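In what follows, a single structure is set out as structure tokens and then discussed.
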Amino acid sequence: MQSMQQFDAIVVGAGPAGSSAALAMARAGLEVALIERGEYPGAKNVSGAALYAPDLLSDLLPDYWEEAPVERYLTRRVVTFLGKEAATSLDFRTNRFNRPPYNGFTILRPKFDRWLAGKAEEAGTLLITSTVVDDLLYKGKQVIGVRCRREEGDLYAPIVIAADGANSFLAKKAGLQHEFRADEMTLGVKEVLRLDAHTIEERFNLNGDEGMSNEYVGYASGDVKGGGFLYTNRETLSIGVVVQIASLAEKKVRAYDLLDQFKQHPAVAPLVHDSVAIEYSAHMIPEGGWSKLSRLSRAGMMVIGDAAGFVFAAGLFLEGMNFAIASGLAAATVAQQAHLDHDFSVQSMARYRKQLEASFVLKDLKKYRHAPAFINNEHLQNVYPDLICDTMENIFRSNGKPRRKLGRIVIGTMRQEVSLLTLVHDGWQAGRALFF
């Protein structure tokens, strides 16, 4: 190493995005510093998450799931429309997701983040923990390092990669991220609940290492725009609500009260019965999608993961870690080429966006660019989940009278709450967001 203060690249934030970037660059022979403000990687992250497309890391860590602290393999995915007293679910499971390379895992972030950062260390990365980055260092308009809140706190590198979360201090300092409005950010509040493995497998109809993720739309967040989720870990459940900050302020409710209400819903309470809360945490999430993406680079700098707004929230899909990892690997590829070319200019760093445009990251965000507006539709949040549940109740109700045809039941129930014009408009919005 040239000196303890000089590196080929500095990564700020040891979450999945930052650690993936550091690992890939270190494997390519670069001298890398990975800076984490927590006592250890994952210490500041919300526990309990779903990691989809896990084979993204396979080139660097073949068969890593045999060693990594993953909880369960996701073989069952459920989307639930939650009314005030009822629930209607789309429940999918397949045994094809129960073998390598798998489709997704549930993980506990403190364990997984610490393990992944450890792999970056094994590859040669210098991990610096309990350290806050206060500023960027410049030579002209080019970023050349960071100023840390520590003795001899200036660290230098021709490439700085910001992986410091949704409200990225570094991206803002560099002029790469705008100030988010309250309707562009959500707050996730989550609890980890202890429940023994046998009960989890029996209660959620799972075998062995199988796992389930369940996303909820409707009454999961009360009258506040948002939704809920429930993931099965090996001996815990991860449960939470994700709510739009503007809507939360408008309704003047506390996010934790919404989580408590969600846990008491008649369709959810039996699933968490007899569990014991062992952790509570909150986390800001950027959900503006394609239209709210920050600028991704400037001379000597790239922005990855949540700091860049790479969260895929599109109704059926709620993903972020796979986008974070993919962006970290893309930034690492650009960093390697920049060092080969000895070029850290605006043009060199702009290759990062081209890398992402060629991957699923920007393709998916662009393809589903209308999804955020659809998800925040008042009718989808507060009308249709109840209507879907009422429709199913009317279909299955047996009252000793002649049954009506299903079409009449559906139309009759819907017209009680929504006009035909509204149905057409919302159907068009749904089609544009998700189907066509």
Side-chain angles (χ1 to χ4, degrees), residues 7-30 32 34 51-61 101 116 119-120 123 125 142-143 157-166 168 170-171 174-177 286 288-312 317 319-369:
F7 301 89
D8 294 324
I10 296 170
V11 183
V12 181
S19 291
S20 297
L23 171 62
M25 289 187 293
R27 284 281 184 86
L30 300 186
V32 183
L34 177 60
L51 169 60
Y52 296 105
D55 57 329
L56 285 168
L57 284 170
S58 292
D59 288 344
L60 291 171
L61 301 168
L116 187 56
K119 288 299 178 183
T125 296
Q142 181 168 328
V143 175
I159 294 176
V160 172
I161 297 176
D164 52 335
S168 173
L170 290 186
L176 298 178
Q177 189 187 85
W290 173 260
S291 65
K292 305 300 180 184
L293 286 181
S294 66
R295 287 173 56 204
L296 301 179
S297 65
R298 60 174 292 168
M301 184 173 177
M302 292 174 277
V303 185
I304 64 178
D306 278 3
F310 294 147
V311 174
F312 188 47
F317 315 106
E319 302 178 11
M321 288 182 60
N322 51 343
F323 283 71
I325 290 170
S327 66
L329 297 178
T333 298
V334 172
Q336 294 166 41
Q337 189 61 49
H339 274 282
L340 288 173
D341 298 339
H342 303 287
D343 180 3
F344 310 100
S345 64
V346 170
Q347 293 77 16
S348 176
M349 297 297 100
R351 295 171 180 164
Y352 170 53
R353 185 177 182 108
K354 294 187 181 300
Q355 285 274 334
L356 294 174
E357 287 173 346
S359 77
F360 71 92
V361 175
L362 290 189
K363 285 182 178 179
D364 281 354
L365 288 175
K366 184 176 182 180
K367 192 178 300 179
Y368 286 87
R369 62 191 178 278

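Predicted model, so just to flag it, every value in this text is computed and none were measured.
The shortest side-chain heavy-atom distance between R27 and D59 does not fall under the 4.5 Å cut-off. With contacts defined as side-chain heavy-atom distances shorter than 4.5 Å, the pair F310/L293 qualifies. L60 has its side chain out of reach of K119: every pair of non-hydrogen atoms, C-beta onward, lies at least 4.5 Å apart. Here the side chains of F312 and L365 are in contact, with some heavy-atom distance below 4.5 Å. You'll find the side chain of I159 stays beyond 4.5 Å of the side chain of V334, heavy atoms only.
Between atom CG of residue L61 and atom CG of residue L56 there is a gap of 12.0 Å, rounded to the nearest 0.5 Å. Considering CG of D364 and CD of E319, their distance stands at 8.0 Å, rounded to 0.5 Å. A distance of 7.5 Å separates CG in L57 from CG in L51, rounded to the nearest 0.5 Å. Note that the CG atom of L23 and the CD1 atom of I325 stand 10.5 Å from one another [nearest 0.5 Å]. Taken to the nearest 0.5 Å, the CG atom of D306 stands 10.5 Å off from the CE atom of M321. To the nearest 0.5 Å, atom CD of residue Q337 and atom CE of residue M349 are 10.0 Å apart.
Looking at every heavy atom in both residues, A9 comes nearest to M25 through CB-SD, 3.7 Å. Smallest separation of non-hydrogen atoms from Q142 and P158: NE2-O, 4.2 Å. In terms of heavy atoms, L170 sits closest to A162 at CB-CB, 4.0 Å. Residue R369 comes nearest to K366 through the heavy atom pair NH1-O, 2.8 Å, listed as atom of the first residue, atom of the second, then distance. When all heavy atoms of V361 and A326 are compared, the closest pair comes out as CG2-CB, 3.6 Å. Taking both residues in full, the closest heavy atoms of S20 and P16 are given as OG-O, 2.6 Å, listed atom of the first, atom of the second, then distance.
Among residue pairs with one or both ends in residues 9-23, none qualify as salt bridge (charged side-chain N to carboxylate O under 4.0 Å, His left out); sequence neighbours excluded.
S168 places no side-chain N or O within 3.5 Å of a backbone atom of A307 that could act as its donor or acceptor partner. Side chain of S348 to backbone of D343: a donor-acceptor contact under 3.5 angstrom is found. Listed for the D8 side chain is no donor-acceptor partner under 3.5 Å among the backbone atoms of H339. Checking side-chain atoms of Y352 against main-chain N and O of A335 turns up no donor-acceptor pair under 3.5 Å. A donor-acceptor contact shorter than 3.5 Å links the side chain of S327 to the backbone of F323. No side-chain donor-acceptor contact under 3.5 Å links Q336 to the backbone of G29.
Screening R353, K354, Q355 against E357 for a side-chain hydrogen bond (donor to acceptor under 3.5 Å, both in side chains) leaves a single residue, R353.
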